[in-house]
Asks: 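Mind looking over this structure? Questions follow.
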Amino acid sequence: VHYMQCCMLLTWGIYGIILNKEGGVILSELKFIVYDVQHGSCSHVITPANQHIIIDLGSKAETSICRYLKENYFRYGGTIDQLVLTHLHEDHIYDLPNLDTYSINPRILQRPRGAFPLSYKASDPNHYKCIVNKANELNEHYTGVVSDSESPILFPNNGGVHFEFFAPPDNLCSDDPNSFSNIIVVSYGYFKIVITGDNPASILKEMLQNNIQLRQSIKDSTILVAPHHGRDGEYCEEFVSAVNPRLTVFSDGTKKYKTQDYSRNRYANRTRGVTWGGQSRYVFTTRSDGSIKFSFRPDGTWSIDTDKFSY
């Protein structure tokens, strides 16, 4: 693995020892990776208890993210503990068929049920038909109730990581797949990550106005994964200001529009920033930085690694 730069950042001090449900001490870190899937999204949470939660399954067309996950995390067994789909646009579910190819179907699936079933036209390309068929198959297959003892997103099971999920109200969801986009908040000690889908700005505003718990949960976060890949057209100043992130991340592909730089500046103006590699940084992008890995430690320190080569 080739890392371009790495800088440890000191924050907030020590917040104590974490115990698992059997009373054992867990000293591992929380890892959060935003993969460079070009135009799309795939994030990876690795809990201190070594569970793997994948959020969306976008992929490079020429290199399967499922293959990368298999070779790097499940080569000798195991599988994805929970797959969370924020919504069902192709660039967020592109590699679903390869769950079968590499035998890493998740133990648990979380998805916006109201967005199903998906359909396709006869003229659609075969690869898209495969994606739709696999998505519908997963939705039909994963119907059981998950017990608390089995859930990797409950903090007694995972080393002290809290997950919160915020779905838009049914009355805001429409034929637009983006309208189903969830917001996910991952908290570990004083660290907090806010992960979005392709949330329309109008729906973000509505959710902020009507959901007190959402406003409280996203407040003063460490990392914001920007809605809709940081696109200027869906920039929601009220939402970004409420999050007040230390860093913002864009999961984006090749630069195509001048507005991509403009949007980056808008987010930077609402991001507190860090010193990394001797420079002040406010926004990281997969387009420029490659895959971005954050490590959050029990002693209150954290680090950022970027990698343009391994995936």
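Positions are given from 1 along the sequence.
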Asks: Membership question, hydrophobic clusters at under 4.5 Å side-chain separation (ILVMFWY): are Phe116 and Tyr94 in the same one?
Replies: yes
Asks: Closer than 3.5 angstrom, by distance alone: can the side chain of Ser263 be matched with the main-chain N or O of Gly230 as a donor-acceptor pair?
Replies: yes
Asks: Give a yes-or-no answer on whether the side chains of Gln82 and Gln51 include a donor-acceptor pair shorter than 3.5 Å.
Replies: no
Asks: Side chains of Ser303 and Arg297: any donor to acceptor distance under 3.5 Å?
Replies: yes
Asks: Return yes if a side-chain donor-acceptor contact under 3.5 Å exists between Asp95 and Asn98, otherwise no.
Replies: yes
Asks: Do you know which of Ile292, Val225, Val186, Val249 makes side chain to side chain contact (heavy atoms under 4.5 Å, CB included) with Phe32?
Replies: Val225
Asks: Distance alone, cut at 3.5 Å: any donor-acceptor contact between the side chains of Asn139 and Arg113?
Replies: no
Asks: Would you tell me whether Thr271 and Thr248 have side-chain atoms, one donor and one acceptor, within less than 3.5 Å of each other?
Replies: yes
Asks: Might you work through the salt bridge (charged side-chain N to carboxylate O under 4.0 Å, His left out) test for Asp289 and Arg281, ending with a clear yes or no?
Replies: CA-CA 12 Å; Asp289 297 299; Arg281 291 292 303 268; 3.0 Å; yes
Asks: Show the atom names and distances, to 0.1 Å, of all donor-acceptor pairs under 3.5 Å that link a side chain in residues 165-174 to residues at least two apart or in another chain.
Replies:
| from | atom 1 | to | atom 2 | distance (Å) |
| --- | --- | --- | --- | --- |
| Ser174 | OG | Asp176 | N | 3.2 |

Asks: Identify the heavy atoms of Ala49 and Gly159 that sit nearest to each other, and give their distance.
Replies: CB-N, 4.2 Å
Asks: Side chain of Ser221, backbone of Ile218: donor and acceptor closer than 3.5 Å?
Replies: yes
Asks: Is the gap between the ring centers of Tyr267 and Tyr235 under 6.0 Å?
Replies: yes
Asks: For Thr275 and Gly278, indicate whether the former's side chain and the latter's backbone hold a donor-acceptor pair under 3.5 Å.
Replies: no
Asks: Step through the shown structure and confirm whether more than 12 heavy atoms of other residues, nucleotides or ligands are within 6.0 Å of NZ on Lys129.
Replies: yes
Asks: Is it the case that the side chain of Asn182 and the backbone of Ile195 share a donor-acceptor pair, with hydrogens and angles ignored and the cut-off at 3.5 Å?
Replies: no
Asks: Under 3.5 Å, side chain of Arg287 to main-chain N/O of Gly253, donor-acceptor pair present?
Replies: yes
Asks: Quick one: pull up CD1 in Ile54 and SG in Cys42 and give me the separation to the nearest 0.5 Å.
Replies: 5.5 Å
Asks: Do His92 and Asp198 have side-chain N/O donor and acceptor atoms under 3.5 Å apart?
Replies: yes
Asks: Which word best sums up how the rings of Tyr311 and Tyr35 line up, parallel for under 30°, tilted for 30 to 60°, or perpendicular for over 60°?
Replies: perpendicular
Asks: Quick one: does Asn210's side chain have a donor or acceptor within less than 3.5 Å of a partner on Met207's backbone?
Replies: no
Asks: Identify the two heavy atoms, one from Leu118 and one from Leu88, that lie closest to each other, and give their separation to 0.1 Å.
Replies: CD2-CD1, 3.7 Å
Asks: Taking NZ, NE, NH1 and NH2 as the nitrogens, is one of them in Asp36 or Lys308 under 4.0 Å from a carboxylate oxygen of the other?
Replies: no
Asks: Shared ILVMFWY cluster between Ile193 and Val34, side chains joined below 4.5 angstrom?
Replies: yes
Asks: Looking at CD of Gln110 and CD1 of Ile55, how far apart are the two atoms once the value is rounded to the nearest 0.5 Å?
Replies: 9.0 Å
Asks: Ignoring hydrogens and angles, state whether a donor on the side chain of His229 or Asp91 is under 3.5 Å from an acceptor on the partner side chain.
Replies: yes
Asks: To the nearest 0.5 Å, what is the distance between OG1 (Thr101) and NZ (Lys70)?
Replies: 11.0 Å
Asks: Please determine whether residues Ile184 and Val146 belong to a single hydrophobic cluster, defined as Ile, Leu, Val, Met, Phe, Trp and Tyr linked transitively by side-chain heavy-atom distances below 4.5 Å.
Replies: no
Asks: So, are Asp100 and Lys134 salt-bridged, with charged N and O less than 4.0 Å apart?
Replies: yes
Asks: With clusters built from Ile, Leu, Val, Met, Phe, Trp and Tyr whose side-chain heavy atoms come within less than 4.5 Å, directly or transitively, what are the remaining members of the cluster of Leu154, listed by chain and number?
Replies: none
Asks: With no hydrogens and no angle check, just 3.5 Å: does a side-chain donor-acceptor pair link His89 and Asn178?
Replies: yes
Asks: To check you understand the geometry: which heavy-atom pair defines the closest contact between Phe180 and Pro112, and what is its length?
Replies: CB-CB, 4.1 Å
Asks: Without swapping roles, check the side chain of Arg246 against the backbone of Arg272 for a donor-acceptor pair under 3.5 Å.
Replies: no
Asks: Within this structure, what is the CD-CZ distance for the pair Glu234 and Arg231, rounded to the nearest 0.5 Å?
Replies: 10.5 Å
Asks: Nearest 0.5 Å please: distance from the OH atom of Tyr102 over to the CG atom of Leu69.
Replies: 11.0 Å
Asks: Any side-chain donor paired with an acceptor under 3.5 Å for Thr86 and Asp56?
Replies: yes
Asks: Give a yes or no answer on whether the side chain of Glu29 reaches the backbone of Ser295 with a donor-acceptor pair at less than 3.5 Å.
Replies: no
Asks: For Ser147 and Glu150, does a side-chain donor sit closer than 3.5 Å to a side-chain acceptor?
Replies: yes
Asks: Mind checking the CD1-CG spacing from Ile131 to Leu57? Nearest 0.5 Å is all I need.
Replies: 10.0 Å
Asks: Could you walk me through whether Ser217 and Gln213 pass the side chain to side chain donor-acceptor pair (under 3.5 Å) test, one step at a time?
Replies: CA-CA 6 Å; Ser217 294; Gln213 182 61 45; 2.8 Å; yes
Asks: Ring centroids only, cut at 6.0 angstrom: are Phe155 and His162 within range, meaning strictly under it?
Replies: yes
